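Here is the structure we will look at.
Note: hydrogens, waters and symmetry copies are ignored here, and every other heavy atom, side chains too, is used. Because the structure is predicted, anything quoted here is derived from the model rather than measured.
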Amino acid sequence: MSATVHRLQPTPESSAHSLGTATVTGISGEHFLLSHPEILKARLAASCLLTPEAGDTVLVSHATGHNTGFILAILQRNDPDSGSLNLPGGAQLHTNQAGVELQTQNLHLNSAFQLQLNSGTLDINALSSTIKVKHWQGWFDTVESCAVNASFTAKTFSSQVGRLIQRLKESFRRIDGLEETRAGRVRVSVDDHHHIEAGHITHTAKGFVKIDGKKIDLG
């Protein structure tokens, strides 16, 4: 492939520029080192979003008498299965056979109607997270959650569970209003002391009442 394609005619306000092809040999800061008899290094033009890599063949424009220029486009990739896009604002888009990676300071996804995420596995890592949803619905086969401290606040909480199993080291509850339990059977087993204190206590049974103990004090 010829190193020089053709020369651009300059306007009265600019110098003559030449178009040529070169091979990228390395990177030095903002410049790309080139294998070219006249152009030793070049910067990436604003219109060329794809970042060249070593071994790529690029189209270069340079002013007459200067050994630096601008890379306008990548003509042939040394590794066609991977690449990086430098977007305005410092964002970078990396692609390879494994997938796509987007790096940016802030990322906003705005959808006027619907946003869908479909994947076999979804991993989210963040130092903090805030979710604001007006209506939430979720369906799970299994749910596992671990937390050091958990706080939950709701005006009304309703749950329907086939079987509830809880194991607590300590439990403290404070109810300002009424607590009512309706069950087919209730069994309370306490290893040590069972203490009930109230202003008034009423036990009503339709049938048999049994009190059994080594010592019973009434009054």
Student check: side-chain heavy atoms of Thr104 and Leu87 closer than 4.5 Å: no

Are Leu218 and Ile211 connected into the same hydrophobic cluster when the rule is that any two of I, L, V, M, F, W, Y join if their side-chain heavy atoms are below 4.5 Å apart? yes

So CD1 of Ile39 and OG of Ser18: to nearest 0.5 Å the spacing works out to 7.5 Å

Identify the heavy atoms of Ala46 and Leu49 that sit nearest to each other, and give their distance. O-CD2, 3.9 Å

Could you give the distance from CD (Glu170) to CG (Leu168), rounded to the nearest 0.5 Å? 10.0 Å

Do other residues, nucleotides or ligands put more than 12 heavy atoms under 6.0 Å from Gln114 CD? yes

Applying the side chain to side chain contact (heavy atoms under 4.5 Å, CB included) test to Ser35, which of Thr57, Leu40, Thr25 qualifies? Thr25

Show me the pairs that pass side chain to side chain donor-acceptor pair (under 3.5 Å) and involve residues 173-192, at least two apart or across chains. Arg173-Glu179, Glu180-Arg182

Look at the side-chain heavy atoms of Ile, Leu, Val, Met, Phe, Trp and Tyr, link any pair under 4.5 Å apart, and say whether Val100 and Leu50 land in one connected group. yes

In one Ile/Leu/Val/Met/Phe/Trp/Tyr side-chain cluster, 4.5 Å: Leu75, Leu34: no

Closest non-hydrogen atom pair, Val58 against Pro52: CG1-CB, 4.2 Å

I'd like to know if the side chain of Ser61 reaches the main chain of Phe70, judged simply by a donor and an acceptor atom lying under 3.5 Å from each other, with no hydrogens or angles considered. no

CD of Gln92 to CG of Asn86: how many Å apart, nearest 0.5 Å? 5.0 Å

Give every residue pair that meets the salt bridge (charged side-chain N to carboxylate O under 4.0 Å, His left out) criterion with at least one member in residues 71-94, sequence neighbours excluded. Glu53-Arg77, Asp56-Arg77

With Glu197, which residues qualify under salt bridge (charged side-chain N to carboxylate O under 4.0 Å, His left out), at least two apart? none

Given the rule in the side chain to side chain contact (heavy atoms under 4.5 Å, CB included) test, do Leu33 and Ile27 qualify, once you have shown the distances and angles that lead to the verdict? CA-CA 6 Å; Leu33 305 180; Ile27 301 176; over 6 Å; no

Spacing of CZ belonging to Arg43 relative to CZ belonging to Phe32, to within rounding of 0.5 Å: 10.5 Å

Rounded to the nearest 0.5 Å, the CG atom of Leu102 sits from the NE2 atom of His94 at a distance of 8.5 Å

At what distance, to the nearest 0.5 angstrom, does NZ of Lys214 lie from CD1 of Ile216? 13.0 Å

Is any side-chain heavy atom of Val60 less than 4.5 Å from a side-chain heavy atom of Leu19? no

Closest non-hydrogen atom pair, Val190 against His193: CG1-O, 3.6 Å

Same cluster or not: are Leu115 and Leu107 linked, directly or through other Ile, Leu, Val, Met, Phe, Trp or Tyr residues, by side-chain heavy atoms under 4.5 angstrom apart? no

Is it true that atom CD1 of Ile175 has more than 12 heavy atoms of other residues, nucleotides or ligands lying nearer than 6.0 Å? yes

Restricting to non-hydrogen atoms, name the atom on Ala73 and the atom on Cys48 that form the minimum distance, rounded to 0.1 Å. CA-SG, 4.0 Å

